[in-house]
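None of the values given here were measured: they were computed from a predicted structure.
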Amino acid sequence: MFRNKLKLTKTLINRIEINPAVLTGKPIIKGTRIPVELILKMTAQGVTFAEILNEYPQLVENDIYAALEYAHKIVEDEEIYPLVFAPQL
């Protein structure tokens, strides 16, 4: 099961494209000018997959899953460094 999930993840990530000539290199759904950030914002606001697909008919459900998986990978690999503030005099 894990192997199938890993394959699906790689397939989904291939749906995301970063091209400096399109939207200044923001991650987009491949073959469109629809940024991943827009899909994330819409899902965070409670817009359903069906509503997104209705608004952007060039997308398919896996494009939405790809945007979510892309965000997951960015956050998962993020390194956090604690901020140390100097004492005030």
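- Within the model, atoms OG1 of Thr24 and CG of Asn19 stand 10.5 Å from one another, a figure rounded to the nearest 0.5 Å.
- At a threshold of 4.5 Å between side-chain heavy atoms, the hydrophobic network of Ile, Leu, Val, Met, Phe, Trp and Tyr places Ile16 and Leu23 in two separate groups.
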Identify all side-chain donor-acceptor contacts of residues 38-46 below 3.5 Å with residues at least two apart in sequence or on another chain.
residue : atom : partner : partner atom : Å
Thr43   : OG1  : Ile39   : O            : 3.2
Thr43   : OG1  : Leu40   : O            : 2.9

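- In the hydrophobic clustering, Phe85 connects to Leu83, either directly or through intervening members, whenever side-chain heavy atoms lie under 4.5 Å apart.
- Of all heavy-atom pairs between Val60 and Leu53, the closest is C-CD2, 3.6 Å.
- Grouped with Val75 in a hydrophobic cluster is no other residue, since no side-chain heavy-atom contact under 4.5 Å to another Ile, Leu, Val, Met, Phe, Trp or Tyr is found.
- A salt bridge (Lys or Arg N to Asp or Glu O under 4.0 Å) check over residues 13-23, counting only residues at least two apart or in different chains, returns the pairs Arg15-Asp63.
- Among residues at least two apart or in separate chains, there is no salt bridge (Lys or Arg N to Asp or Glu O under 4.0 Å) pair with a member in residues 79-89.
- Here Glu69 contributes atom CD and Asn62 contributes atom CG; the two are 11.0 Å apart, rounded to the nearest 0.5 Å.
- The side chain to side chain donor-acceptor pair (under 3.5 Å) test applied to Gln58 returns no partner, not counting sequence neighbours.
- Under the ring pair (Phe, Tyr, Trp, His ring centres under 6.0 Å) criterion, no residue pair touches residues 10-40, with sequence neighbours excluded.
- For residues 14-46, there are no ring pair (Phe, Tyr, Trp, His ring centres under 6.0 Å) pairs, not counting sequence neighbours.
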Side-chain donor/acceptor pairs under 3.5 Å, residues 26-36, sequence neighbours excluded:
residue : atom : partner : partner atom : Å
Lys26   : NZ   : Glu37   : OE1          : 2.7
Lys30   : NZ   : Asn14   : O            : 3.0
Thr32   : OG1  : Ile29   : O            : 2.7
Thr32   : OG1  : Ile34   : N            : 3.0

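- Note on residues 25-76: pairs passing ring pair (Phe, Tyr, Trp, His ring centres under 6.0 Å), not counting sequence neighbours, are Phe49-Tyr65.
- Among residues two or more places apart in sequence or in another chain, the side-chain contact (heavy atoms from CB on, under 4.5 Å) test is passed with Glu55 by none.
- Pairs engaging residues 10-33 under the ring pair (Phe, Tyr, Trp, His ring centres under 6.0 Å) rule: none recorded [sequence neighbours left out].
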